[in-house]
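In listed order, ligands and their atoms are each counted from 1. As the structure is a prediction and not an experimental result, all values here were calculated from the model.
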Amino acid sequence: MAEIGGDINRARQVLESGGLVAIPTETVYGLAGNALNGEVVSKIFEAKNRPSFDPLIVHVSSIEQARAFVEEIPSQAEALATKHWPGPLTILLKRKSIIPDLVTSGLDTVAIRVPAHELTQNLLSLLDFPLAAPSANPFGYVSPTTAEHVNQQLGDQLDYILDGGPCIVGIESTIVSFESATPRVLRLGGLSIEAIETVIGRVEINLHSSSKPDAPGMLKSHYAPNTQILLVEDFHLELIGDTSRIGALVFNEYIEGLDLENQFVLSKSGDMNEAARRLFTGLRALDQREDIDTIVTALVPNQGLGRAINDRIKRATAK
Ligand code: AMP
Ligand code: MG
């Protein structure tokens, strides 16, 4: 288990000496290290058991700091970042050579984001390097939205966990590429398509599912619990097995015929933001129940953050 606390000076000291710190953000907790130090970056991949073809997001304190690491910021990218940074938006930009190859998996673009969390903002402004940080979970498992989630799974790999409380967005950032004339969304996330299109007009949505993706988090099977999980359209539970051992992750209404204790409702009032915030916590809670063998879930209405929730549900339930 790692040392946990709210001390940004301790976090700074660890990071400056080449260590790894879990950092709170509004999306999920990140597993952070000095993005400019190749050795530190390779420790990040090892700690997560993450394949080296899956590039990392570089976290900076402001759009001004971002300029030091990229060749240029196209005008639409600048407009979007100006409006939504700090926030759950990651943009892909042509990198300068100061960013190590390992960070971008050899790609000539780097993923950059300014996270919206006061502790991490303060930490970034104390450091004279940016932080490379993927989500602080073992590769392929559900992302962590509390310091406790991080400690349960990666505590032994980390030097310090900066505890900033539960993540308020709860789902990873939206990734946007500006390489073609029409911007392309490569990963659905905490900034909705509607919010993006309000600022820069129409975007394409291009979510590859493959084993060697442009944008990982794009792997077909990802975000998956260990317990068997099924995506169902109608809840015909009797076909699945002993209903006392079935758990359900549902949007806003309980399923009939299933013990209420076995059901995790994402948002009783049907609030999509609340549902996104609680998604990974719900998956973990059901996954940890020894008396549940199968989790059933269904898609939520496909609007606002509902699209990102559905993306995660599809990947979590993919074989
Ligand atoms: P994570 O930090 O675990 O949410 O994962 C970061 C994700 O950012 C990766 O899985 C990729 O999908 C994406 N990403 C990072 N850098 C690039 C890049 N240069 N090109 C495309 N996608 C990227
Ligand atoms: Mg991840």
Side-chain angles (χ1 to χ4, degrees), residues 20 22-33 35 41 44-60 66 69-71 77 87-97 99-115 120 130-145 149-150 153-154 167 169-180 183-191 204-225 276 279-280 283-284 308 311-312 315-316:
L20 301 183
I23 54 166
T25 80
E26 79 283 29
T27 60
V28 303
Y29 272 73
L31 195 176
V41 174
I44 295 176
F45 280 92
E46 259 168 58
K48 275 195 66 130
N49 200 10
R50 180 174 175 116
S52 60
F53 64 72
D54 192 356
L56 307 181
I57 296 173
V58 173
H59 295 73
V60 297
F69 307 111
V70 302
E71 291 296 344
L89 165 74
T90 294
I91 58 182
L92 299 181
L93 298 170
K94 282 265 176 305
R95 68 164 158 150
K96 286 188 174 153
S97 57
I99 298 289
D101 284 345
L102 196 52
V103 169
T104 69
S105 305
L107 298 171
D108 62 359
T109 53
V110 58
I112 302 228
R113 172 167 118 80
V114 178
T120 293
L131 292 175
S135 51
N137 53 301
F139 184 71
Y141 190 69
V142 182
S143 299
T145 53
H149 293 165
V150 178
Q153 292 190 301
L154 290 182
C167 300
V169 173
I171 202 159
E172 294 84 350
S173 57
T174 304
I175 300 179
V176 189
S177 153
F178 293 90
E179 291 207 272
S180 40
R184 289 190 307 149
V185 171
L186 301 186
R187 177 173 75 184
L188 295 167
L191 185 63
E204 278 171 26
I205 302 178
N206 194 333
L207 316 170
H208 279 298
S209 287
S210 76
S211 55
K212 187 181 181 305
D214 287 344
M218 300 288 80
L219 288 167
K220 187 156 179 284
S221 167
H222 208 67
Y223 312 107
L279 176 68
F280 291 140
L283 277 173
R284 277 173 190 264
D311 172 85
R312 303 303 185 270
R315 292 178 207 281

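In summary, of the residues considered (L186, T109, V185), a side chain to side chain contact (heavy atoms under 4.5 Å, CB included) with S177 occurs for L186 alone. With V150 as the partner, the side chain to side chain contact (heavy atoms under 4.5 Å, CB included) test is satisfied by one option alone out of S135, P144, P24: P144.
Residue N137 does not count as close to the Mg ion (ligand 2), with no N, O or S atom under 2.8 Å.
Heavy atoms of R50 come nearer than 4.0 angstrom to ligand 1 in at least one pair. Under the 4.0 angstrom criterion for non-hydrogen atoms, T104 is not in contact with ligand 1.
Atoms of ligand 1 lying under 4.0 Å from any heavy atom of S135, numbered from 1 in the order shown and given with element: 1 (P), 2 (O), 3 (O). Of all atoms in ligand 1, listed by their number and element, those nearer than 4.0 Å to a heavy atom of L107 are 18 (C), 19 (N), 20 (N). Ligand 1 places these atoms under 4.0 Å from at least one heavy atom of D54: 9 (C), 10 (O), 11 (C). In the vicinity of T109, heavy-atom distances shorter than 4.0 Å reach the ligand 1 atoms 18 (C), 19 (N), 20 (N).
Between E172 and R113 there is no salt bridge, since none of the side-chain N atoms of the basic residue sits less than 4.0 Å from a carboxylate O of the acidic one. Salt bridge annotation for E179-R184: absent, with no cationic side-chain nitrogen under 4.0 angstrom from a carboxylate oxygen.
Looking at V28 against ligand 1, nothing comes within 4.0 Å, counting heavy atoms. In I175, the part holding a heavy atom less than 4.0 Å from any atom of ligand 1 is the side chain. With a 4.0 Å cut-off on non-hydrogen atoms, A133 touches ligand 1 through its backbone and not its side chain.
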Checklist entry - Stepwise, does the side chain to side chain contact (heavy atoms under 4.5 Å, CB included) test hold for F69 with K96? => result CA-CA 5 Å; F69 307 111; K96 286 188 174 153; 5.6 Å; no
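Between T145 and G170, the shortest heavy-atom contact is CG2-O, 3.7 Å.
Side chain of K94 to backbone of V70: no donor-acceptor contact under 3.5 angstrom is found.
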